[in-house]
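Lettering follows sequence order; numbering is per chain, from 1.
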Protein chains: 2
Amino acid sequence: MTITIGLVEDHLEFRKSLEYLISSFTDYTVAWSYASVEETIDNYSETDVILLDINLPGLSGLEAIPLFKKKCASQKIIMLTILEDDYHILEAIKNGANGYILKKSSPNKILEAIQQVYDGEAALTPMVARQVMAFLKPVPAQTASPSLLTLREREILTLIAHGMTNEAIAVTLFISVQTVRNHIKNIYDKLQVHSRAQVVVKAFNDKLI
Amino acid sequence: MTITIGLVEDHLEFRKSLEYLISSFTDYTVAWSYASVEETIDNYSETDVILLDINLPGLSGLEAIPLFKKKCASQKIIMLTILEDDYHILEAIKNGANGYILKKSSPNKILEAIQQVYDGEAALTPMVARQVMAFLKPVPAQTASPSLLTLREREILTLIAHGMTNEAIAVTLFISVQTVRNHIKNIYDKLQVHSRAQVVVKAFNDKLI
DNA sequence: ATTGCAATAGCCCAATCAGGTCATTTTTCA
DNA sequence: TGAAAAATGACCTGATTGGGCTATTGCAAT
């Protein structure tokens, strides 16, 4: 059972060396390789993974992601690019890329990324991971609104708003369901509501979430 | 120049095997290792990287992150845990962790993560990367578009999001509770949720309200 | 030292909800 | 006109929630 790979890369030399690299392993096969998105779409067939450059003549790799996903919803795509600014990284992720690795990665890392994405996981080079994490980290939070909820209560409120049941919340926070219940009762009292649906509405309206 | 490492891990056996693993490389040194956050804080000294468990007696690893960062703002921290739900992952990142890897990772991957974080990059195991990326990816706007809900369903969705019970909705719309139930079941199917709390969240996120 | 609050945990009971299956009527539209 | 979709209604069962209690622990401030 070999993993099939599609390549979209306009730099001929790099593309050839990728093909050479991949073909040197019996577990991996290059199903096709093209120099542009347009060309690829015309001749597209599903592969286990597509390695997709971003900076391409015509349509960019970012614009190509939804096109491939439309052709085949489960198509796995790894961005393989020199671009490591957070704009391109985030756009790729938002568009549904399954991995984002840099061309300067070692051949080994590229193969590893393919394997990971093939396995249903995701592949980010450490540099990209750092930027993604920096993006998720909020600016030092200031509590302008002195909430009447305690820390724990707000924590639980967040989990409720994620649609979790009391049981799930208990497991997540390592406390008993009874305790979760009690916190929720207190939240209801303070916010003057009587159901989780209401509490979610209030959380959104009061921007507690 | 060796990389110094601190360990916070309550499972003695696992901690010892980590120490053994790390010490077997001349480039890495275990500067200290403790079984709890409290113990660590009392005896803290800066290391290049801290490997930090989450589920610990007393203070959790998540709560420990800001404490370490306060002691030393540049302290690098890698979460090393069995927990792979997005709540813990995102909380860790929000709190400022520099890496998040799973205990089931191979020794090789753990060492690699240490090196990456030491180099000022970040380390996410592929499974964690997948969840982080999923979090950044907006809900497919066309899949969850209001148009897949019928008029009546959207009407009922709105009332749910106002915190009404099925009974109240039935009275409001002059229909039976059974019918309300049926509509809600269809809404759940279409939006792929399983509770009113979730449906309210979805309604807000998809700007249906 | 005592008071107060937060967090933890338990019990009971009734109300509500979620999921499954089925059936009838009306509307839409190809 | 006939098929498909939408809206209506029902039954049953088990899971979950909401509300009313009590109680212990730890911490912080008075």
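- Note: CG (A:Leu191) to P (D:dG18) measures 13 Å, nearest angstrom.
- The separation between A:Met164 atom CE and C:dA18 atom P is 17 Å, rounded to whole Å.
- Distance CD1 (A:Ile184) to C1' (C:dA15): 16 Å, rounded to an integer number of Å.
- Here C:dT16 presents its P atom at 17 Å from CG of B:Leu159, a figure rounded to the nearest Å.
- The CZ atom of A:Arg196 sits 7.0 Å away from the OG1 atom of A:Thr165 when rounded to the nearest 0.5 Å.
- Results of the side-chain contact (heavy atoms from CB on, under 4.5 Å) test with B:Leu7 over B:Leu51, B:Leu80, B:Asp53 single out B:Leu51 as the only residue that passes.
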Listed pairs, N/O of protein and of nucleotides 7-11 of chain C, under 3.5 Å:
unit_1	atom_1	unit_2	atom_2	d
C:dA7	OP1	A:Arg152	N	3.3
C:dA7	OP2	A:Thr150	OG1	2.4
C:dT8	OP1	A:Arg152	NE	3.3
C:dT8	OP1	A:Arg152	NH2	2.8
C:dT8	OP2	A:Arg152	NE	3.0
C:dT8	OP2	A:His183	NE2	2.7
C:dA9	OP2	A:Ser176	N	2.6
C:dA9	OP2	A:Thr179	OG1	3.0
C:dA9	O5'	A:Thr179	OG1	3.3
C:dA9	N7	A:Asn182	ND2	2.5
C:dA9	N6	A:Asn182	ND2	2.8
C:dG10	OP2	A:Ser176	OG	3.2
C:dG10	O6	A:Asn182	OD1	3.2

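- Contact between the side-chain N/O atoms of A:Tyr188 and the OP1/OP2 oxygens of D:dG19 is not found at any separation under 4.0 Å.
- A salt bridge is absent between A:Glu46 and A:Lys71; no separation between the charged side-chain nitrogens and carboxylate oxygens falls under 4.0 Å.
- Between B:Asp189 atom CG and C:dT21 atom P there is a gap of 11 Å when expressed in whole angstrom units.
- Taking atom CG of A:Asn166 as the reference point, atom C1' of D:dG19 lies 13 Å away to the nearest angstrom.
- Within the cation-pi definition used here (under 6.0 Å to the ring centroid, within 45° of the axis), B:Lys103 qualifies as a partner of B:Phe14.
- Donor-acceptor pairing under 3.5 Å is lacking for the side chains of A:Tyr188 and A:Gln198.
- Salt bridge A:Lys109/B:Glu112: present, at least one basic N to carboxylate O contact under 4.0 Å.
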Using a cut-off of under 3.5 Å, enumerate the N/O to N/O pairs linking the protein to nucleotides 28-30 of chain C.
none

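- The distance from atom CD of B:Gln198 to atom C1' of D:dT17 is 15 Å, rounded to the nearest whole Å.
- Between B:His88 and A:Phe174, the ring centre distance stays below 6.0 Å.
- Atom pair B:Arg196:CZ and C:dA18:C1' shows a separation of 10 Å (rounding to whole Å applied).
- In this structure, B:Arg152 pairs ionically with B:Glu155, as a charged nitrogen and a carboxylate oxygen lie closer than 4.0 Å.
- Under 3.5 Å, the side chains of B:Tyr44 and B:Gln75 contain a donor-acceptor pair of N or O atoms.
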